[in-house]
Amino acid sequence: MMETYRIGPIRPPSEASSLLLQVTQGCTWNKCKFCNLYRHTKFKAYTVDSVKQDIDIMAQYAEKALEHQRADGTWDVDSINQELSQMPSEQQNCYYTIAMWLMNGGKNVFLQDGNTLALSGGKLTDVLSYLRSVFPHIQRVTSYGRAENLSKVSPEEFAELKAAGLDRIHSGYESGSDEVLRLVNKGVTSQQQITAGQNIKAGGLELSVYFMPGLGGKVLSQENAKGMANVVSQVNPDFVRLRTASVKPETDLWQDLREGRFALCSEDEKVREIRTLITDSHGVDTRIVSDHIINLLQAVKGSLATDKEKMLAIIDEYLGLPEQEKRMFQIARRMGQVISLKEMDRMSPASKQRFQRLAEQGGDEDQWTEKMNAMIGRYI
Ligand code: SF4
């Protein structure tokens, strides 16, 4: 009987077709006020031997799956499905994951969980080298890391990780404002983010950072964006991935909201934050990526070197709409009915009337903002 390997719960959307290798479990910090991802999971670093064992088990499943690849490179999916149907359920998930990964080219691997870069460099290089030796066709290996830990790693140490096979680090910066970072108890300063980012880039790795428009609430809305623009300008990360903030029940920020210490940003304020991020980031070729359904204007994406005007035009088209039409778009977007303003234009009169009714019945500005917050929260 085949053994199974660990598969953790979380990965960035951009790693949807990556093989997930669990090197750690949970998050070393676990105190960000907006996050309850790992609230009930104690951080654990698996031993190098145990991770290597998982890689060996993955290789066994891969060998099995490759028996169903024809000489011309196509796959006999029916025979894989038949084999899957005869396996116990715990093995099915492992086999299915590996088979899908290989069918998609077997290119990328993501090292889980929330802060794998907290591991000592030696352990990680050992894991990376072994992974690359077992699966030599891998093209890209990525991992999450917290800026606070990353700021203690030198460019030379990042270069060693790069040489061992790590290509990209994802890091949830969320804001570049020290006030906002303190407000949400992120446990990191903007200077640590800058040091971390500059060292990662100097070590030859790609850097993907996350920014949360709305995280500073109404009071620190523009502060949130200006801080992020400052960090981006100093680091030139390869990617800034937008993650619109929403305050979810069972988080500390929800408690702050309920007790009046935090006021939600409106949808427009969040859009204006993205505008400020774009206008105030200078001298960089970072790509703005909008790869999550929680972002209102999914079409706002592109290079800060060449696409600023295009992105600002989309934002300004939205901001220039009459209030009622903005609400109609917001609710249609939050219900997953449209992706862009253009799709809204193409909507049937009956659908438009429906969203018009919902917009009119949405209450005052605060009630509407709370409603949008709840709707965004359903997606995360
Ligand atoms: S560092 Fe990331 S995973 Fe950990 S608590 Fe903060 S947001 Fe959540």
Side-chain angles (χ1 to χ4, degrees), residues 6-15 18 20-46 110-119 124 142-153 168-197 200 207-217 220 224 227-228 231 235 237 239-257 262 289 291-292 294-295 373 376-377 379-380:
R6 292 178 289 267
I7 304 177
I10 309 293
R11 50 123 183 101
S14 55
E15 305 293 342
S18 300
L20 307 178
L21 175 63
Q22 189 154 31
V23 179
T24 58
Q25 183 187 45
C27 166
T28 47
W29 176 246
N30 236 346
K31 294 177 196 151
C32 297
K33 283 187 162 189
F34 57 90
C35 170
N36 60 359
L37 269 183
Y38 301 111
R39 215 26 81 92
H40 304 294
T41 309
K42 202 166 176 292
F43 181 79
K44 177 175 180 179
Y46 294 105
F110 177 71
L111 308 181
Q112 294 177 305
D113 248 345
N115 188 17
T116 292
L117 268 294
L119 276 193
L124 207 49
T142 65
S143 179
Y144 272 136
R146 251 175 66 73
E148 190 252 342
N149 292 94
L150 298 170
S151 67
K152 296 176 186 142
V153 181
R168 180 183 297 171
I169 291 174
H170 294 271
S171 191
Y173 278 23
E174 337 295 11
S175 173
S177 151
D178 284 313
E179 266 187 276
V180 176
L181 292 168
R182 265 195 306 276
L183 176 84
V184 299
N185 200 26
K186 185 73 196 169
V188 66
T189 64
S190 60
Q191 186 51 56
Q192 285 173 318
Q193 293 176 333
I194 291 166
T195 304
I200 289 167
L207 175 62
S208 178
V209 301
Y210 293 76
F211 168 52
M212 297 178 73
L215 189 62
L220 296 175
N224 189 35
M228 196 64 204
V231 170
V235 171
F239 307 97
V240 170
R241 294 179 193 276
L242 302 174
R243 293 288 181 273
T244 303
S246 113
V247 182
K248 293 199 61 160
E250 294 176 32
T251 61
D252 294 346
L253 203 54
W254 178 262
Q255 206 58 30
D256 287 351
L257 177 65
F262 184 89
V289 181
D291 57 351
H292 205 295
I294 56 178
N295 298 326
N373 179 66
I376 298 167
Y379 291 112
I380 48 178

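Counting convention: from 1, in listed order, for ligands and their atoms alike.
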Who pairs with Arg6 by salt bridge (charged side-chain N to carboxylate O under 4.0 Å, His left out), at least two apart in sequence or on another chain?
Asp54
Residues two or more places apart in sequence or in another chain: which of them pass salt bridge (charged side-chain N to carboxylate O under 4.0 Å, His left out) with Arg39?
Asp252
Do the rings of Phe110 and Tyr144 sit parallel, tilted or perpendicular, given the 30° and 60° boundaries?
perpendicular
Nearby protein N/O/S atoms (those under 2.8 Å) for atom 6 (Fe) of ligand 1, with water ignored:
Cys32 SG
No-hydrogen, no-angle side-chain donor-acceptor test under 3.5 Å, Asn224 and Ser177:
no
Lys/Arg-Asp/Glu bridge criterion (N-O < 4.0 Å) met for Asp291, Arg243
yes
Going by the order shown, which atoms of ligand 1 are within less than 4.0 Å of some heavy atom of Tyr38?
3 (S)
Test side-chain hydrogen bond (donor to acceptor under 3.5 Å, both in side chains) applied to Gln255 - qualifying residues, sequence neighbours left out
Glu259
